[in-house]
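Below is one structure, written out as structure tokens; comments come after it.
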Amino acid sequence: MLREQNKRLAKQAVREVFRSRLFWLMVAGGVVLDLAREGTWLLYLAAGVFLFLMVLGFLFSRPSLFSNPFDPFWSLEEEARGLRREVRELKEEVRRLRRGR
């Protein structure tokens, strides 16, 4: 039972990490830095533009532009929004099923 619970928690953690924009930003930055070791200025320019656009996308996708991007409760806010959406969908389904009687 405990092993099964640990597996579920590990899978949930991996899903949350893969949904994180910051994680993918760090991965992209690492790949770009690895490729940039060859020293071409065009690659540096492309990497800079790409990272700049990723950071802008990260900031503008937040509920408030002036909120802290490293706020530990941001993922909780996203999860709460998702749960509210699910509750609305379930309420709509209950209404639909009640009308069908």
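In what follows, residues are counted from 1 in the order of the sequence shown.
Legend: residues meeting ring-ring contact (aromatic ring centres under 6.0 Å, His included) with Phe50, ordered by chain and number and at least two apart, are absent. Checked against side chain to side chain contact (heavy atoms under 4.5 Å, CB included), Lys7 has the following partners two or more places apart in sequence or in another chain: Arg3. With sequence neighbours excluded, no residue forms a side-chain hydrogen bond (donor to acceptor under 3.5 Å, both in side chains) with Arg15. Every side chain to side chain contact (heavy atoms under 4.5 Å, CB included) that Leu2 has, sequence neighbours left out, goes to Gln5, Asn6. Considering only residues two or more places apart in sequence or on other chains, Glu92 meets the side-chain hydrogen bond (donor to acceptor under 3.5 Å, both in side chains) condition with Arg95. For Glu93, there are no side-chain hydrogen bond (donor to acceptor under 3.5 Å, both in side chains) partners at least two apart in sequence or on another chain.
The side-chain heavy atoms of Val17 and Val14, taken from C-beta on, include no pair separated by under 4.5 Å.
Atom CG of Leu9 and atom NZ of Lys11 lie 11.5 Å apart (nearest 0.5 Å). Note that CD of Glu86 is 7.0 Å distant from CD of Glu89, once rounded to the nearest 0.5 Å. Atoms CG and CE, on Leu51 and Met26 in that order, are 10.5 Å from each other to the nearest 0.5 Å.
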